[in-house]
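Values reported hereafter were calculated over all heavy atoms of this structure, with side chains retained and with hydrogens, waters and symmetry mates removed.
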Amino acid sequence: SDLDFWAASLEDRKLIVEALTARGARVLSRQAFSDQFEIGDRIVDLPDKTEPSTLEERLDRFDIVLSAVGVEHSGGDRWRAAIHPLARQSVAARQILLLTPLINWRHALTTLARARRYARELEFALPKEEEQEVWRVFDAQDAAMQRDMIERLDRSTSADAAVRDEAVRRLR
């Protein structure tokens with residue numbers, strides 16, 4: 001539902017903000033790790049972090065393979081696309097797949113909420129094994145980390161009452 005821009009440096013991030021503003025974008029909201037802009041009928045999400053430096057390394061940090069798709073500006077009028085191989089598999093099978101092990105495991109509950117939302121929006125299946133992986137990660141944590149993971153879910157834009165309720169039931 002949004003377009004994620006990633007800047008390769010803080011200077012590039014500043015240039016993106018300036019370009020968006022010059023084109024009439026307005027700040028929509030400040031998220032936990034990014035700024036969201038509205039421009040026309042589009043929402044542009046601009047993360048705070050500017051590393052890692054390559055598109056492929058950046059895509060490897062996603063937990064949902066459908067998010068591991070990107071285009072990089074290579075200078076002038078040149079662009080380069082990168083698509084994680086599992087993203088193709090996910091689309092072909094019409095399933096929401098995760099990149100495991102979960103790199104962002106502290107945000108596993110948010111990942112599950114997003115995966116469920118993607119499944120609904122795209123009319124894809126969310127395989128039971130994918131959900132079980134999230135719950136395996138959650139269940140392996142001590143009570144303090146589990147509560148922290150629930151708080152991270154609450155702060156996310158994709159808060160999901162069903163995920164939260166199940167997490168609370170699973171608390172140590």
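Side-chain contact between F5 and D45: absent, with no pair of heavy atoms (C-beta onward) separated by less than 4.5 Å. Counting heavy atoms from C-beta on, the side chains of E129 and E133 never come closer than 4.5 Å. With a 4.5 Å cut-off on side-chain heavy atoms, D48 and R13 count as touching. Side-chain contact check for L98 versus V134: some heavy-atom pair is nearer than 4.5 Å. Taking the side chain as every heavy atom from C-beta outward, L59 and V69 never approach each other to under 4.5 Å.
Judged by distance alone, the side chain of R23 and the main-chain N or O of A19 form a donor-acceptor pair under 3.5 Å. When atom types are taken as modelled, the side chain of T21 and the backbone of V17 share a donor-acceptor pair closer than 3.5 angstrom. The backbone N or O of L109 sits nowhere less than 3.5 Å from a side-chain atom of R164 that would complete a donor-acceptor pair. Here the side chain of Q95 pairs no donor or acceptor atom with the backbone of A125 at under 3.5 angstrom. Within the 3.5 Å criterion, the main-chain N or O of M145 finds no donor-acceptor partner in the side chain of R106. Between the side chain of R58 and the backbone N or O of T50, no donor-acceptor pair lies under 3.5 Å. D63 places no side-chain N or O within 3.5 Å of a backbone atom of A108 that could act as its donor or acceptor partner. Using a distance-only test at 3.5 Å, with no hydrogens or angles considered, no donor-acceptor pair links the side chain of R170 to the main chain of D139.
Side-chain contact annotation: S29 with Q36, donor-acceptor N/O pair under 3.5 Å present. For the residue pair T54/E57, the side-chain donor-acceptor check at 3.5 Å is satisfied.
Under a cut-off of 6.0 angstrom, the local environment of CD in E18 is crowded, with over 12 non-hydrogen atoms contributed by other residues, nucleotides or ligands. Around the CZ atom of R30, the shell of radius 6.0 Å holds more than 12 heavy atoms that belong to other residues, nucleotides or ligands.
No single ILVMFWY cluster, assembled from side-chain heavy atoms under 4.5 Å apart, contains both V27 and W6. Linking Ile, Leu, Val, Met, Phe, Trp and Tyr whenever their side-chain heavy atoms come within less than 4.5 Å puts W135 and I96 in one cluster. Residues I64 and V163 share a hydrophobic cluster, clusters being chains of Ile/Leu/Val/Met/Phe/Trp/Tyr side chains in contact below 4.5 Å. Residue L112 is grouped with residue V168 when hydrophobic side chains (ILVMFWY) are merged at heavy-atom distances under 4.5 angstrom, including chains of intermediate members. No chain of hydrophobic side-chain contacts below 4.5 Å, direct or via other Ile, Leu, Val, Met, Phe, Trp or Tyr residues, connects V44 to L15.
Minimum heavy-atom separation, S34 to P47: CB-CA, 3.5 Å. Of all non-hydrogen atoms in I39 and A25, the two that sit nearest each other are CB-CB, 3.8 Å. Across A68 and L99, no two heavy atoms sit closer than the pair CB-CD1, 4.4 Å. Shown here for Q146 and F138, the closest heavy-atom pair between the two residues is NE2-O, 3.0 Å. In plain terms, the two heavy atoms of E131 and L126 that are nearest each other are OE2-CD2, 3.3 Å. In terms of heavy-atom proximity, T110 sits nearest to R152 at OG1-O, 3.8 Å.
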If you apply the rule salt bridge (charged side-chain N to carboxylate O under 4.0 Å, His left out), what do you find for E121 with R117, and how did you get there?
CA-CA 6 Å; E121 289 174 359; R117 180 172 54 88; 3.3 Å; yes

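For residues 77-88, every residue pair satisfying the side-chain hydrogen bond (donor to acceptor under 3.5 Å, both in side chains) rule, not counting sequence neighbours, is listed here: E56-R80, E72-R80.
Between D35 atom CG and L20 atom CG the span is 10.0 Å, to the nearest 0.5 Å.
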